[in-house]
Amino acid sequence: ETGVTQTPRHLVMGMTNKKSLKCEQHLGHNAMYWYKQSAKKPLELMFVYSLEERVENNSVPSRFSPECPNSSHLFLHLHTLQPEDSALYLCASSQDGQPNYGYTFGSGTRLTVV
Amino acid sequence: GQNIDQPTEMTATEGAIVQINCTYQTSGFNGLFWYQQHAGEAPTFLSYNVLDGLEEKGRFSSFLSRSKGYSYLLLKELQMKDSASYLCAPYAGNNRKLIWGLGTSLGVNP
């Protein structure tokens, strides 16, 4: 496996369900990110982890709960979501101090809340 | 404030050259990324400009003018597979933040 891998690719969940999105990076990066991408809107940064410590939480509702157990894995735990949370959720990783190599994105999880 | 301005849509013909412009206003500017995103897929890294001037990478080149808050992406010898959205994203290194706009949707016609 190379790059950034996200599972599942697609997820349909009810408003009372609890689910988790998983992200794994095989690039040796030390920073990981969750982004939300909705139709007709720019990418929205949700959470940033650097060296497994959360350094950014962009006023995201508490129904989204991130977890970073180590520098290679990132989770987004979901509970009691709303239909407006339906979107593409993208994970990305980067190496702090080396932006010239860019941010590497996973293929995303297409989430539909019904 | 922070703002990014790119054309919403552009079309071009296979084999042609197209220039996608981007103007931005942001604080704490370190550099500027260009990403390509095909429909339903992840954004992929194209370039990162820190210094003024043109950087060439195969068929794609990116230009930056820091004083003017202006960048462009130049695509040569267009191919059908270049049909995608192109995202200009200024980078503020002190807080690891990329500022994203809506991007430019490029359609390449045969």
Chemist: Would you say the ring centers of F105(A) and Y35(B) fall short of 6.0 Å from each other?
Modeler: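 Between Y35(B) and F105(A), which both carry aromatic rings, the centre distance is below 6.0 Å.
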Chemist: Given heavy-atom pairs under 4.5 angstrom as the criterion, report whether the side chain, backbone, both or neither of E44(A) touches chain B.
Modeler: neither
Chemist: How close do L102(B) and K41(A) get, counting heavy atoms only, and between which atoms?
Modeler: CD2-C, 3.3 Å
Chemist: I'd like to check L98(B) versus Y103(A) (side-chain heavy atoms, cut-off strictly below 4.5 Å). Are they in contact?
Modeler: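 They are in contact (side-chain heavy atoms under 4.5 Å apart), so the answer is yes.
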Chemist: So, taking the atom named CG in L88(A) and the one named CD in E41(B), what distance separates them when rounded to the nearest 0.5 Å?
Modeler: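 Rounded to the nearest 0.5 Å, the CG-CD separation comes out at 10.5 Å.
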Chemist: Of the backbone (N, CA, C, O) and the side chain (C-beta and beyond), which part of E55(B) lies under 4.5 Å from a heavy atom of chain A, both, or neither?
Modeler: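 Nothing of E55(B), per the 4.5 Å heavy-atom cut-off to chain A.
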Chemist: Tell me whether L46(B) is reachable from L64(B) by hopping between hydrophobic residues (I, L, V, M, F, W, Y) whose side-chain heavy atoms are closer than 4.5 Å.
Modeler: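 Yes, L64(B) connects to L46(B) through the hydrophobic network.
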Chemist: With a 4.5 angstrom heavy-atom cut-off, which part of L43(A) approaches chain B: side chain, backbone, both or neither?
Modeler: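 It is both, since atoms from each part get that close.
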Chemist: Do F64(A) and L11(A) land in one hydrophobic cluster if side-chain heavy atoms of ILVMFWY residues count as linked below 4.5 Å?
Modeler: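 Yes, one cluster joins them.
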Chemist: Please answer: with hydrophobic residues joined when any side-chain heavy atoms are less than 4.5 Å apart, are W100(B) and M32(A) in the same cluster?
Modeler: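 No; M32(A) is not reachable from W100(B) via cluster members.
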Chemist: If you count every heavy atom of other residues, nucleotides or ligands that lies below 6.0 Å from E14(B) atom CD, does the total exceed 12?
Modeler: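 Yes, enclosed.
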Chemist: Could you tell me the separation between the OG atom of S94(A) and the CZ atom of F45(B), rounded to the nearest 0.5 Å?
Modeler: 11.5 Å
Chemist: Answer yes if L111(A) and L21(A) sit in the same cluster of Ile, Leu, Val, Met, Phe, Trp and Tyr residues linked by side chain heavy atoms under 4.5 Å apart, and no otherwise.
Modeler: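 As far as the 4.5 Å side-chain criterion goes, L21(A) and L111(A) are connected within one cluster.
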Chemist: Find out whether I99(B) and P42(A) are in side-chain contact, i.e. whether some heavy atom of one side chain is under 4.5 Å from a heavy atom of the other.
Modeler: no
Chemist: For G106(A) versus A42(B), what's the shortest heavy-atom pair and its separation?
Modeler: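 Smallest interatomic distance, heavy atoms only, reads O-CB, 2.6 Å.
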Chemist: Does NZ belonging to K68(B) count more than 12 external heavy atoms closer than 6.0 Å?
Modeler: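 Not more than 12 within 6.0 Å, no.
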Chemist: Is there a path of hydrophobic side-chain contacts, each under 4.5 Å between heavy atoms of I, L, V, M, F, W or Y residues, that connects F60(B) with I20(B)?
Modeler: yes
